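Bear in mind that the values here come from a model prediction, so they are computed numbers and not experimental data. Numbered from 1 within each chain, the chains take letters A, B, ... in sequence-line order.
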There are 2 protein chains.
Amino acid sequence: MHPNFIKHINKYIELDDNTIEVLNKYIKPITYKKKEFLLKEGQICRSIYFVVKGCLRMFFINDKRTEQITQFALENWWISDFFSFMDNKPSEYFIQTVEKSEILSIDALSLEAMLKELPQMERYLRIIMQRAVAASQLRIKYVHQLSKEEFYIHFCTSFPEFVQRVPQYMIASYLGLTPEYVSELRKKNL
Amino acid sequence: MHPNFIKHINKYIELDDNTIEVLNKYIKPITYKKKEFLLKEGQICRSIYFVVKGCLRMFFINDKRTEQITQFALENWWISDFFSFMDNKPSEYFIQTVEKSEILSIDALSLEAMLKELPQMERYLRIIMQRAVAASQLRIKYVHQLSKEEFYIHFCTSFPEFVQRVPQYMIASYLGLTPEYVSELRKKNL
DNA sequence: CAAAAAAATTAAGCTGGTTTAAGAAAAAGT
DNA sequence: ACTTTTTCTTAAACCAGCTTAATTTTTTTG
C-alpha cells in the first residue's frame, strides 16, 4: 500500500495495521502515462481516484468545441465526477493525466464493501468531502470577488507549483480565461 | 424533534428511536424572523445549520460595498461557512434569513460529541457532503458553459420555487448579474 | 539533429454585460 | 390609508476581456 495514502488517511483518523491490510483489498493502484484518460465523456464514472504521484485534470468540451477544465488534482487529492459516480449517470467530463501519474482507484461497489467492513473510513471520507465543500465555497468567493486579472495573479501566487507543472493554456482554461489574455497579463505583470 | 429532519436523515441511513432521542440532545432548534442574522462577517461560524422551514442566504460584502450572495438554503438544506467552522477562523460571510425560518443548529463541539455517540451519523454527513461536492461541480460547469443570459434562464427553469420566494435582485446577485441586466433579460424573455 | 506538433505571443477590432442615474412600482411599517 | 422603504425598470455610455488571425517559440518525436 502506498505510504503517502496511509499518511493522508492518518491525518484525519487513527489507522491500525489490520485496517491498512483490509483497505489494501479494496484499492487498486494503476500507473498512467502522460495524457492517458481515466474517464471519457459518455462513460459512467465508476471510481473515485486518489493521486499518489502526478497530476490529473478534469474537463468538458463546451459549445465552442474547446476544452474547459474544471478541476486539477495533484498529489494527495481525490478526484471524480461525483454525480456520475453516485447516480450511475453518463459523465459529461473527461479525466486525463497531465503527466505520468500513480493513481489509486476505488469503484463504487468496492467503496461500499470497504465502508461496511471499515466504518471508521466514513469519518475520513466525511472530513475529505467537508474540506472539498469548503474549498469550493472559497473558489466561488474568488470568482465573484476578483477581476479576471486579479484571479489569475491570485492563483499563480497561491499555487506556484501549478504554474511550474501545468501548461499555461490549461491554467487559463481552469480560470475561465483565453490563452491570449493570459499572455497579455503575463507581459503586463512580470 | 422535527419530522422533516428525521425523514431527511432516514433517506440516507437507518434510524431507530433511540438514535433519534440521542440526536435530540445535541441539536438546537431556533426560530428566526425575516432578515435576522445567523452569522456576521468577523464572527467565527460556530454551527452548521439545517433549514426545516424557510430560506437562508449566505453573502459577503465585495470591494464595491455591495452584497454578493454565494448560496441559498431552502427546506432540507444544510448551510455553513465550512472553513470558518472547521478551522475556527473569522468568517468573511453573513448568513441571514430571507424569510421567517425554523432552523436546527449544531455547534462544533456538539457535532463531535454526537458523532462519537452516533458514529453512524458520519455516514449521513459523508453522503450529504458528497452531494454538496457534486452540486458544486455542476455549478462550476454551468458557470463556464452558459452565457449569463442562459445561466439566468436555466436557473429560473430549474428552480422556479426560488423565483417565487426570493427577490429578483437576490437571484441576480447569486448568479453574478446586475439587477439592471436581469430586468433587461426579463423584458426580452417573457 | 531535423521536422512536426504543441504552446505561447502579438495586435486590432468587437461585444456581452456593467455602470450610472433617474424614475416607477410594489411592499412594509405605523 | 398614508408614508417610508424596498424592489424593479429604463436607457445611454462605457470597458474588461474575447475573437480572429498571423507569427514565433518551445517541446516532442523519429
It should be established whether [X] places a side-chain nitrogen or oxygen under 4.0 Å from OP1 or OP2 of nucleotide [N].
X	N	value
Y181(B)	dG17(C)	yes
R186(B)	dC8(D)	no
K64(B)	dT19(C)	yes

Inset, instruction - Could you tell me whether E117(A) and K25(A) have a side-chain N and a carboxylate O separated by less than 4.0 Å? - result: yes
Legend entry - N-O pairing of E36(A) and K100(A) below 4.0 Å: no
Inset, instruction - Using whole Å, report how far CD of E184(B) lies from C1' of dA13(D). - result: 13 Å
Inset, instruction - Using whole Å, report how far NZ of K33(B) lies from C1' of dA28(C). - result: 15 Å
Inset, instruction - Just do the ring pair (Phe, Tyr, Trp, His ring centres under 6.0 Å) check on F59(A) and Y93(A) with the steps written out, would you? - result: CA-CA 5 Å; F59(A) 66 93; Y93(A) 294 95; 9.0 Å; no
Legend entry - Student check: side-chain heavy atoms of I153(A) and F155(A) closer than 4.5 Å: no
Legend entry - Any Y174(A) side-chain heavy atom under 4.5 Å of R57(A) side chain: no
Inset, instruction - Determine, using ring centers only, whether H8(A) and Y124(A) are less than 6.0 Å apart. - result: yes
Inset, instruction - Produce a footprint string for nucleotides 22-30 of chain D: one letter per nucleotide, 5' end first; B if the base is under 4.0 Å from any protein heavy atom, S if only the sugar-phosphate is, - if neither. - result: ------S--
Inset, instruction - Would you check if there is a donor-acceptor pair between the side chains of S47(B) and D107(B) at a distance under 3.5 Å? - result: no
Inset, instruction - For Q71(B) and Q137(A), test the side chains for any donor-to-acceptor distance below 3.5 angstrom and give the result as yes or no. - result: yes
Inset, instruction - Give me the residues of residues 164-178 of chain B where at least one heavy atom lies under 4.0 Å from an atom of DNA chain D, by number, or none. - result: P167(B), Q168(B), Y169(B)
Legend entry - For DNA chain D, the residues among residues 139-151 of chain A that have a non-hydrogen atom under 4.0 Å from it: S147(A), K148(A)
Inset, instruction - May I ask you to establish whether K40(B) and F37(B) are in a cation-pi arrangement, using a distance under 6.0 Å from NZ or CZ to the six-membered ring centre and at most 45° from the ring axis? - result: yes
Legend entry - From dA11(D), dA7(C), dT6(D), nucleotide with atom closest to K187(B) side chain: dA11(D)
Legend entry - Pair F94(A)-L39(A), side chain to side chain contact (heavy atoms under 4.5 Å, CB included): steps then yes or no: CA-CA 5 Å; F94(A) 300 81; L39(A) 174 70; over 6 Å; no
Legend entry - Residue of the set F85(A), Y49(A), F50(A) for which ring pair (Phe, Tyr, Trp, His ring centres under 6.0 Å) holds with W78(A): F50(A)
